[in-house]
Every structure is written in C-alpha cells, then in structure tokens.
Asks: 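Here you go, one structure.
Each chain gets a letter, A, B and so on, in the order its sequence line appears, and its residues count up from 1.
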2 protein chains.
Amino acid sequence: MANAKLYKGSLNTIILKLLDEEGKMYGYEITQKVKQLTKGELQITEGALYPALHKLEAEGLLDVEVAKVDNRLRKYYKLTDRGTKETVNRLAELEDFIRSMQQLINPKWSIQ
Amino acid sequence: MANAKLYKGSLNTIILKLLDEEGKMYGYEITQKVKQLTKGELQITEGALYPALHKLEAEGLLDVEVAKVDNRLRKYYKLTDRGTKETVNRLAELEDFIRSMQQLINPKWSIQ
DNA sequence: ATTTATACCTAAATTACTTATGCATAAGAA
DNA sequence: TTCTTATGCATAAGTAATTTAGGTATAAAT
C-alpha cells in the first residue's frame, strides 16, 4: 500500500483535528505527523495540503504565524475560536460517516 | 444530519460490497438499502449511482440483466468473477483507510 | 386528480484531489 | 566537492467523483 489515496473530503477534517491536538503546526510537520500516525498508510501531498491550509485560513478557521528556524521559513497554523468550534462539527460528521461505512462493509463491527 | 455527504471514492466499494452480499440488485434497490443500513445517514444520489454502475460494468466488474416487473424496467447487476476478486481488494483498501482515519481522529479506538 | 414512490437516465458545474513543476536552504553521502 | 536527500514553501494544469438539475415513464396512494 505504497501511496494510498486520500479519500476526498477528509483532508480538512484531519488538519483541523491535528491542530486541535497539537496547538500549532506547520505544513511539512502535518505531512510527517500523518505519515507517522498512520504508519505510512496515508500520504498527504503538498499539492493538496498547502491550498487546503490557505483555504481554511481564508475561511477564518486558522491563523498563521511565520517563523524562521535554521534560516528556513515555517508557517505555523493554529485554530481560531471559530476553527475550534468548527472542528467539533466536522469531527462529528466524519465519525458519523465512519460509522455508516462500518455498517455497510462490516455490520458486526458496529454492535459492540 | 439530514443529508450527509458521501465521501468521494467510497461509492464504488459500497456498490461492490452490497452486490457481493446480496447476489444481485438493481439501482433503486441499492439506494434504498444504503439508506436503510445507515439509518438515513448516507444518501446515494442517482446522478452518482447510475454512472458508477455503468462504469463498473464497462470495466467488466459487473454483469447486467434486464427484467420487467409490474410493467416497470429493472436492471439487475451482479458481480462478474473479476468483480468478486476486485471486491476483496477494494474492501481491504477501504478498511485500511478507515483504520487510518481512526488513528488520526481517535487514537483510542484502534487499541481495543 | 394530484402527489408520491418506483425506476431508469444524462449533462453541466463543482470540488478536491494528483501530478508536475518551481524556488530555496541544510545536511549527508559519494 | 559535488550530488542527493531532507526540509520547507508554493502554484498550475489535468483528472475524476461527485452534486445539482434536469428528463421520461408507470404504479400506488391521497
């Protein structure tokens, strides 16, 4: 499962959830964190990530803070108040979706 | 959660899995079955379903059989041999994806 | 008689990606 | 010392899976 595709629609929620947990992260860090947490299963491409971050910022869900570390640029993102509230909604939606999928593909899972 | 969106990429796998379980189904029946199994959570739109069925058929994963019931047309779909094999792969992929998502959004889930 | 349910279909628009490319610095290997 | 890999950002073109919005037709229910 070298480069498993990311199911469309879940990227934004993943970003929000990670920022909710970690407080603040920069783009590259997010890609590495996802790779690590999923044991290489999910690979976030930069072509998807950076536009997504910009859009979440434009929507007022994220704030940016630029930093320079080792003479290299980093853009730290963190949730705004609205972002924190929205994270709750999107997580609930994604969890509902996951439960629905489990109902469909493996009814036994959902009983316990 | 009136009309929860379907995360893109999962529709084909849902179709294949249902056909694997039920043997044969027609389009409208699939939409109703998904609605029932997910308690209305997931709504498959016809604009997504029919093109998906046609594509799976064109790929050689489904066979079609036309029937007339109560003077109304029904197109029953069932898995071909290749379709049955492919269902195994796609289900495994989707299950991997779901596990990855659980790692990301709720690490505790995956331990159990 | 009108609406709702059943049953199929397609086309345009939208959306979220992938793929490809670019720039720049730091670190490690040859 | 030069080349590659890792770190870090970015955008643009192309693609694919949807949504939305129509369309046709029969049966059942109000």
Asks: Which sits closer to the 5' end of DNA chain C, B:H54 or A:R72, going by the nucleotide each is nearest to?
Replies: B:H54

Asks: Using a cut-off of strictly less than 4.0 Å, decide whether A:K55 has a side-chain nitrogen or oxygen near OP1 or OP2 of C:dA16.
Replies: yes

Asks: Round to the nearest Å and state the distance from A:K68 atom NZ to D:dC9 atom C1'.
Replies: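 Those two atoms, NZ and C1', are 12 Å apart.
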
Asks: Rounded to the nearest angstrom, tell me the gap between atom CD in B:E46 and atom C1' in C:dT10.
Replies: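 Taking atom C1' of C:dT10 as the reference, CD of B:E46 is at 12 Å.
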
Asks: Specify the separation, in whole Å, of atom OH of A:Y26 and atom P of D:dC9.
Replies: 7 Å

Asks: Compare side-chain N and O positions of B:N71 against OP1 and OP2 of D:dA25 and report whether any pair is under 4.0 Å apart.
Replies: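 The answer is no; no side-chain N or O of B:N71 sits under 4.0 Å from OP1 or OP2.
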
Asks: Taking NZ, NE, NH1 and NH2 as the nitrogens, is one of them in B:E86 or B:R90 under 4.0 Å from a carboxylate oxygen of the other?
Replies: yes

Asks: Grab the two heavy atoms, one from A:G23 and one from A:K78, that are nearest each other, plus how far apart they are.
Replies: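 Shortest heavy-atom separation between A:G23 and A:K78 comes out as O-CB, 3.3 Å.
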
Asks: Salt bridge or not for B:E41 and A:R99, using N-O below 4.0 Å?
Replies: no

Asks: Map A:R74 and A:P51 onto DNA chain D by nearest heavy atom, then report which one ends up closer to the 5' terminus.
Replies: A:R74

Asks: So how far is it from B:F97 CZ to A:S10 OG, rounded to the nearest 0.5 Å?
Replies: 4.0 Å

Asks: To the nearest Å, give me how far apart CG (A:D70) and C1' (D:dC9) are.
Replies: 16 Å

Asks: If only side-chain N and O atoms of A:Y50 are considered, is one of them under 4.0 Å from the OP1 or OP2 phosphate oxygen of D:dA10?
Replies: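 Negative; the distance criterion is not met.
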
Asks: Would you indicate which nucleotide in D:dA16, C:dC9, D:dG8 comes nearest to any side-chain atom of B:K75?
Replies: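 Closest of the options to the side chain of B:K75: C:dC9.
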
Asks: To the nearest angstrom, how far is B:L49 atom CG from C:dC8 atom P?
Replies: 8 Å

Asks: Specify the separation, in whole Å, of atom CE of A:M25 and atom C1' of D:dC9.
Replies: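 From A:M25 CE to D:dC9 C1': 16 Å.
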
Asks: Judged by each residue's nearest nucleotide on DNA chain C, which is more toward the 5′ side, B:Q32 or B:Y77?
Replies: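 Mapping each residue to its closest nucleotide by heavy atoms, the 5'-most match is B:Q32.
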
Asks: How many Å lie between CG on B:L73 and C1' on C:dA5, as a whole number?
Replies: 16 Å

